[in-house]
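Chain naming here is simple, since letters A, B, ... match the order of the sequence lines and numbering starts at 1 in each.
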There are 2 protein chains.
Amino acid sequence: MRDPLNGSPPEAPKPATIYDVAERANVSIKTVSKVINNLPEVSRLTRSRVQAVIEELSYRPNQLARGLASQRSFMVGLFCDAPAAGSGYIARIQMAILTMCQKEGYHLIVECIHATNQNIAQQVHALVAQSKLAGVVLTPPLSDLPTLIDALKATGTPIVRFSPEAAVPDVIDVDIDNCQAAYDITKYLIGLGHRRIGFIRGPLEHADARARYEGYCRAIAEADIPFLDEYCQTGNYTYRAGMLAGEKLLTLKDRPTAIFASNDDMASGVMASSIRYNLRLPQDLSVAGFDDAIFAHAMYPRLTTCRQPIADMAEAAFLALIHHGDKPIGPLTLPHKIIVRGSTARPPTA
Amino acid sequence: MRDPLNGSPPEAPKPATIYDVAERANVSIKTVSKVINNLPEVSRLTRSRVQAVIEELSYRPNQLARGLASQRSFMVGLFCDAPAAGSGYIARIQMAILTMCQKEGYHLIVECIHATNQNIAQQVHALVAQSKLAGVVLTPPLSDLPTLIDALKATGTPIVRFSPEAAVPDVIDVDIDNCQAAYDITKYLIGLGHRRIGFIRGPLEHADARARYEGYCRAIAEADIPFLDEYCQTGNYTYRAGMLAGEKLLTLKDRPTAIFASNDDMASGVMASSIRYNLRLPQDLSVAGFDDAIFAHAMYPRLTTCRQPIADMAEAAFLALIHHGDKPIGPLTLPHKIIVRGSTARPPTA
DNA sequence: CTGAAAGCGCTTACAG
DNA sequence: CTGAAAGCGCTTACAG
């Protein structure tokens, strides 16, 4: 279906504009515009004729012109603190949001915002106001940066946040029920017969860490297992913290038969420390994590954990974002899933 | 330094335009434009006056208008196959490119291109041609997708590639010397006293895998260590492949005292398999990897590996990209660095 | 259901 | 060193 025309230079052939399409289809540019934007007031015949010409000329609307004229672009911003860090949680959010963007004809523009930055308002201004972003997605820990949110709201940009702490008016939130998820994992360990269950808590500044802690407490309380201070360590979500916490737990006189870490990084740290004490997993010790990080199914043994439905969360978030204003929307809490793998089993004494 | 003016509504205050600045500074918009774009033909006095007004009005040029008028945007595209996959190599490239973008006043737009996609040309057309990207960065395996590169070149967009296979005219390449790096690691192991050195080769379709293999071969040849087929396994860069290869190597009657895996994922697989055979690291077995993945310094023991200077590569790539055309540029090969950590030591018999 | 015209906020020859 | 004007390629009231 190529259209060689006359031997135009192969370098940068001038792309077709809306005028070219209009002329060839014998309609006004207004009509072409309507077709592009899927507006209703075009007869089916006209629409298909225009569409044919669009194909023929392989016309693509100039996003810059579109944005300039309409004062809104087809670009969505993803703001992160440090995309490469962590166990890929942010990377997976990005991937999922990107998928939605491509599906809906948007582009993803990634920006790095340092929470410690003094003039975030400035940065946001330069970024958003002048690019007319259709919306922005905030990931932790940016989800809970009041200056950022205020600056964004001042520009009128729709906002969606992943796993925020506290609700903020006019901002869409997506999350899972962290308390319930932690409860489910703990309950599962109890169901296997464990009674001595260590817990590695995340940093208490994080709402999710607090919620997971609460879920753990609730589950053991329900099973009449006494809460023991020494069974509950705290770590900052890193591998190293998990290793240290693991050492403390595993050197206890009455060491736990199972350890539930608040994220996979810490769980893998526990697993590493268990090697030091010659414990076999899962026969001597069960370990469970949280996140279903990329490496969780690539460890030995593979890690029992909890998966957030990131793709679904991204989809919900994205749709809420671009249809912002259509209807008020409450916090979106999506279902999590416990993934049982080889790192957990019945306790040795059971 | 706030300027309340009259009580304008807090929601979406109309941003200042180039006209507002020109008027207030008593110059034409042309002059303002020159100041913004750092063009020379403005007197220092005028420039500073304009700059002051820009601050005062917190004026930021509208990127959309700028792009439309100049036919080039301040957006750089990062094309990936699957950003979230792998051991964070792509994520780190993204982070580094992003840092450069923010430093130079560009924005980063991430796109996912599936190498298997039939009409890449179409996608590129819609993407690049209509957004007037200032340039695009290609990451493996997209670095070696002829259709993509041709489509991109047809739009006249400058291209820079990370770790490509073969050179292509008018395309900027950044890489390290993989052969030399693998040679260095092998040499280091030999220097520790190892003579039985297993090697886990990456997939031979990858140029870097071939180069690393060559480096290994060269180093052992130089040390008069015979090349043994059974000491050389092949894996597809995944943890699992490393584990399987590790099993083969560790069950050999004359098993290696050191194993060098072509990437960190496979190295961690080897470490996992060594647990099965009750080998202590590094006393019984040394393991080295390649990449310095995020988890490499968070394993137990921490992994000896080779680090690519991704930040430097990104900087070189980015600058070459935005100054494209100024001068022809050859492939950029940056220095790697061997990171010695706890996973390697003298062989047990030494 | 469709047209003609103004305007979005810049850059860029062209003059001076 | 600076101005006035055209134009980038769209969208959007306003008419019809």
Side-chain angles (χ1 to χ4, degrees), chain A residues 12-50 53-54 57-75 105 125-126 128-134, chain B residues 12-50 53-54 57-75 105 125-126 128-134:
Chain A
K14 189 96 177 148
T17 72
I18 199 172
Y19 286 95
D20 301 327
V21 175
E23 192 179 333
R24 192 136 176 165
N26 263 317
V27 294
S28 76
I29 60 164
K30 172 65 185 288
T31 306
V32 178
S33 174
K34 280 183 180 167
V35 172
I36 298 166
N37 293 293
N38 247 309
L39 295 184
E41 312 136 337
V42 188
S43 71
R44 294 187 46 194
L45 213 76
T46 313
R47 186 179 296 274
S48 65
R49 182 152 42 91
V50 170
V53 175
I54 288 178
L57 266 37
S58 48
Y59 165 73
R60 297 285 180 277
N62 182 317
Q63 299 302 335
L64 268 16
R66 208 135 80 126
L68 179 58
S70 68
Q71 296 289 59
R72 67 187 202 97
S73 76
F74 284 80
M75 299 196 176
H125 183 60
V128 184
Q130 299 306 324
S131 294
K132 312 292 175 195
L133 296 185
Chain B
K14 190 95 177 146
T17 72
I18 198 171
Y19 286 95
D20 301 327
V21 176
E23 191 179 333
R24 191 134 176 167
N26 264 317
V27 294
S28 76
I29 60 164
K30 172 66 185 290
T31 306
V32 179
S33 174
K34 279 183 181 166
V35 172
I36 298 166
N37 292 292
N38 245 309
L39 295 183
E41 311 136 337
V42 189
S43 70
R44 294 187 46 193
L45 214 75
T46 313
R47 186 180 297 275
S48 66
R49 183 152 42 94
V50 171
V53 175
I54 288 178
L57 267 38
S58 47
Y59 165 73
R60 298 285 179 275
N62 182 318
Q63 299 302 335
L64 268 15
R66 207 135 83 124
L68 178 59
S70 67
Q71 297 288 60
R72 68 189 201 95
S73 76
F74 284 81
M75 298 195 176
H125 183 59
V128 185
Q130 300 306 327
S131 294
K132 312 291 176 194
L133 295 185

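For A/N37 (side chain) and A/L39 (main-chain N/O), no donor-acceptor pair under 3.5 Å exists by modelled atom type.
Of all heavy-atom pairs spanning B/I36 and B/P61, the tightest one is CG2-CG, 3.8 Å. Here the shortest heavy-atom pairing between B/S48 and B/L45 reads OG-O, 2.9 Å.
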Notebook entry, point to check: In the 5'-to-3' direction, what one-character label does each nucleotide of nucleotides 6-13 of chain D receive under the scheme B = base within less than 4.0 Å of a protein heavy atom, S = sugar-phosphate only, - = no such atom?
Noted result: -BBBBBBB
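Taking the side chain as every heavy atom from C-beta outward, B/R47 and B/N38 approach each other to under 4.5 Å. By the 4.5 Å heavy-atom criterion applied to side chains, B/Y59 and B/I18 are counted as neighbours.
The base-pairing partner of D/dG16, taking Watson-Crick or G-U wobble contacts with both distances under 3.5 Å, is C/dC1.
Checking the phosphate oxygens (OP1, OP2) of C/dG3, a side-chain nitrogen or oxygen of A/T31 falls inside 4.0 Å.
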